Student: 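Quick one: this structure, given as structure tokens, is what I'll be asking you about.
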Amino acid sequence: MTTPAFSLCVYCGSRPGADPAFADTARAVGRWIGEHGGQLVYGGGRNGLMGIVADATMAAGGQAVGIIPKALVEREWAHHGCTELHVVDNMHERKRLMADKADAFLALPGGIGTFEEFFEVWAWRQLGYHDKPVGLLNVAGYYDGLMAFMRTGVEQQFMSGAQMELIRVDSDSAKLLPELVQAAGLSSAARLDAI
């Protein structure tokens, strides 16, 4: 197995969501990771956007590293076709290992688990526990309401503009993905274009 050019942790839903754009984008993200010699680190599931992004990564020649708690394996949600599948004891261990294996983080549309993981790595970045880029892919306006709420947090002085600047938000995966990889210091724009 070759060493990947970068390792991107993707948080996303274990359901496909109502809008077909969500699945299309998950597929495009996985394809981009694979085509650029990258490695996907994700929650290890086979359902919903999780399974789509993993399958697309591997179909495009990339590696998919799944990290899943035992309880979810027992519910038969594990993607046993991953390049690597790590079964861990609990969610805390899962998130720690995902963070350790990633060079950057990206949240696609998802539910409570996606929200929690995104906010945790953002908080860790703000507290100085890591210095890895954090991105939010706002597909079909999915995160518009969340972004408005976070701006309210700044307006009401519970957050600062500097905290908001720690995340990169875009609706275009083709723009956001290279930005995250470059911000991680792993590849120049010219090198990514050449792959």
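Please read all numbers here as calculations on a predicted model, not as lab measurements. When reading the values below, keep in mind they use all heavy atoms of this one structure, side chains included, and skip hydrogens, waters and symmetry mates.
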Student: Which atoms form the tightest heavy-atom contact between Ala183 and Arg168, and what is the distance?
Tutor: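 Where Ala183 meets Arg168 most closely, the heavy atoms are CB-NH2, 3.3 Å.
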Student: Treat each ILVMFWY residue as a node, draw an edge where side-chain heavy atoms are under 4.5 Å apart, and state whether Ile52 and Trp77 are in one component.
Tutor: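 No.
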Student: Evaluate the side-chain proximity of His80 to Arg46: yes if any heavy-atom separation is below 4.5 Å, no if none is.
Tutor: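 No - every pair of side-chain heavy atoms lies 4.5 Å or more apart.
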Student: Within a strict 4.5 Å, meaning less than it, do heavy atoms of the Met147 and Leu136 side chains meet?
Tutor: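 In short, these two side chains touch, coming nearer than 4.5 Å.
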Student: When you group the ILVMFWY residues by side-chain heavy-atom contacts below 4.5 Å and let the links chain together, are Met58 and Phe6 in the same group?
Tutor: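 Result: no, two separate clusters.
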Student: Is any side-chain heavy atom of Tyr42 closer than 4.5 Å to a side-chain heavy atom of Leu49?
Tutor: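 No. Closest side-chain heavy atoms not under 4.5 Å.
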Student: For side chain to side chain contact (heavy atoms under 4.5 Å, CB included), just list the numbers for Phe119 and Leu146, CA-CA rounded to whole Å, side-chain angles, deciding distance to a tenth of an Å, and then say yes or no.
Tutor: CA-CA 11 Å; Phe119 278 107; Leu146 178 63; 3.8 Å; yes
Student: So, the side chain of His130 versus the backbone of Trp124: is there a donor-acceptor pair under 3.5 Å, distance only?
Tutor: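 No.
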Student: What orientation do Tyr11 and Phe105 show, parallel under 30°, tilted 30 to 60°, or perpendicular over 60°?
Tutor: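 Parallel, since the angle between the ring planes stays under 30°.
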Student: Is there a path of hydrophobic side-chain contacts, each under 4.5 Å between heavy atoms of I/L/V/M/F/W/Y residues, joining Ile67 to Leu72?
Tutor: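 Per the 4.5 Å side-chain linkage, Leu72 and Ile67 are not co-clustered.
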Student: Taking side chain as C-beta onward, heavy atoms only, is His79 less than 4.5 Å from Met50?
Tutor: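 His79 vs Met50: side chains apart.
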Student: Out of curiosity, Thr57 OG1 to Leu40 CG, how far, rounded to the nearest 0.5 Å?
Tutor: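 The distance works out to 4.5 Å.
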Student: Judged by atom type as modelled, is there a donor-acceptor pair below 3.5 Å linking the side chain of Tyr142 to the main-chain atoms of Leu108?
Tutor: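 Flag not set: sc Tyr142 to bb Leu108 has no pair under 3.5 Å.
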Student: Side chains of Asp131 and Arg125, heavy atoms from C-beta outward: is any pair under 4.5 Å?
Tutor: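 Yes; the side chains approach each other to less than 4.5 Å.
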Student: For atom CZ of Phe115, is the number of surrounding heavy atoms from other residues, nucleotides or ligands below 6.0 Å larger than 12?
Tutor: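 Yes - once you tally the heavy atoms of other residues, nucleotides and ligands closer than 6.0 Å, there are more than 12.
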Student: I want to check something: taking the side chain as every heavy atom from C-beta on, are Met150 and Ile167 in contact at a cut-off of under 4.5 Å?
Tutor: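 Yes - at least one pair of side-chain heavy atoms lies under 4.5 Å apart.
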Student: Donor-acceptor pair, distance only, cut-off 3.5 Å: does the side chain of Asn138 make one with the backbone of Tyr143?
Tutor: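 Here the side-chain-to-backbone pair exists.
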Student: Do you reckon Met91 sits in the same ILVMFWY cluster as Ile68, going by side-chain contacts under 4.5 Å, direct or chained?
Tutor: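 No, separate clusters.
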Student: If you look at every heavy atom in Met98 and Gly43, which pair is closest and at what distance?
Tutor: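 Smallest heavy-atom distance, with atoms named: CE-N, 3.7 Å.
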Student: Work out which heavy atom in Pro178 is nearest to a heavy atom in Ser173; give both atom names and the distance.
Tutor: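 Answer, listing the atom of Pro178 first, then Ser173: CD-O, 4.0 Å.
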Student: How long is the straight-line distance from CD of Glu155 back to CZ of Arg151, given to the nearest 0.5 Å?
Tutor: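 The CD atom of Glu155 is 8.0 Å from CZ of Arg151, to the nearest 0.5 Å.
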Student: Might you point out which heavy atoms bring Ala104 and Leu8 nearest each other, and give the distance in Å?
Tutor: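 Heavy atoms only, the tightest pair is O-CD1, 3.5 Å.
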Student: Which pair of heavy atoms, one from Ala140 and one from Asp19, lies closest together, and at what distance?
Tutor: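 Of all heavy-atom pairs spanning Ala140 and Asp19, the closest is CB-OD2, 3.5 Å.
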Student: Measure from the side-chain N and O atoms of Gln163 to the backbone N and O of Ser160, and report whether any donor-acceptor pair falls under 3.5 Å.
Tutor: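 Answer holds: yes.
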Student: Compare every heavy atom of Val73 with every heavy atom of Ala78, then report the nearest pair and how far apart it is.
Tutor: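 Nearest heavy atoms, Ala78 then Val73: CB-CG2, 4.0 Å.
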Student: Let me know which of Gln39, Gln63, Lys101 forms a side-chain hydrogen bond (donor to acceptor under 3.5 Å, both in side chains) with Ser7.
Tutor: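 In the set Gln39, Gln63, Lys101, the residue that makes a side-chain hydrogen bond (donor to acceptor under 3.5 Å, both in side chains) with Ser7 is Gln39.
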Student: Please say whether more than 12 non-hydrogen atoms of neighbouring residues, nucleotides or ligands are located less than 6.0 Å from CZ in Arg15.
Tutor: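 Counting neighbours around CZ of Arg15, 12 or fewer heavy atoms of other residues, nucleotides or ligands fall under 6.0 Å, so no.
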Student: Quick check: do Val134 and Leu166 have side-chain heavy atoms less than 4.5 Å from each other?
Tutor: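 No, their side chains stay 4.5 Å or more apart.
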Student: When clusters are formed by joining ILVMFWY residues with side-chain heavy atoms under 4.5 Å apart, either directly or through shared neighbours, do Val10 and Leu85 land in the same one?
Tutor: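 Shared cluster, no.
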Student: Using side-chain heavy atoms (C-beta onward) and a distance below 4.5 Å, is Leu177 in contact with Val29?
Tutor: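 Yes - at least one pair of side-chain heavy atoms lies under 4.5 Å apart.
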Student: Tell me, yes or no, whether the heavy-atom count around Leu127 atom CG, taken from other residues, nucleotides or ligands under 6.0 Å, exceeds 12.
Tutor: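 Enclosed.
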Student: For Asp103, is there an ion pair with Lys132 - N to carboxylate O distance below 4.0 angstrom?
Tutor: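 Between Asp103 and Lys132 there is no salt bridge, as every charged N stays at least 4.0 Å from the carboxylate O atoms.
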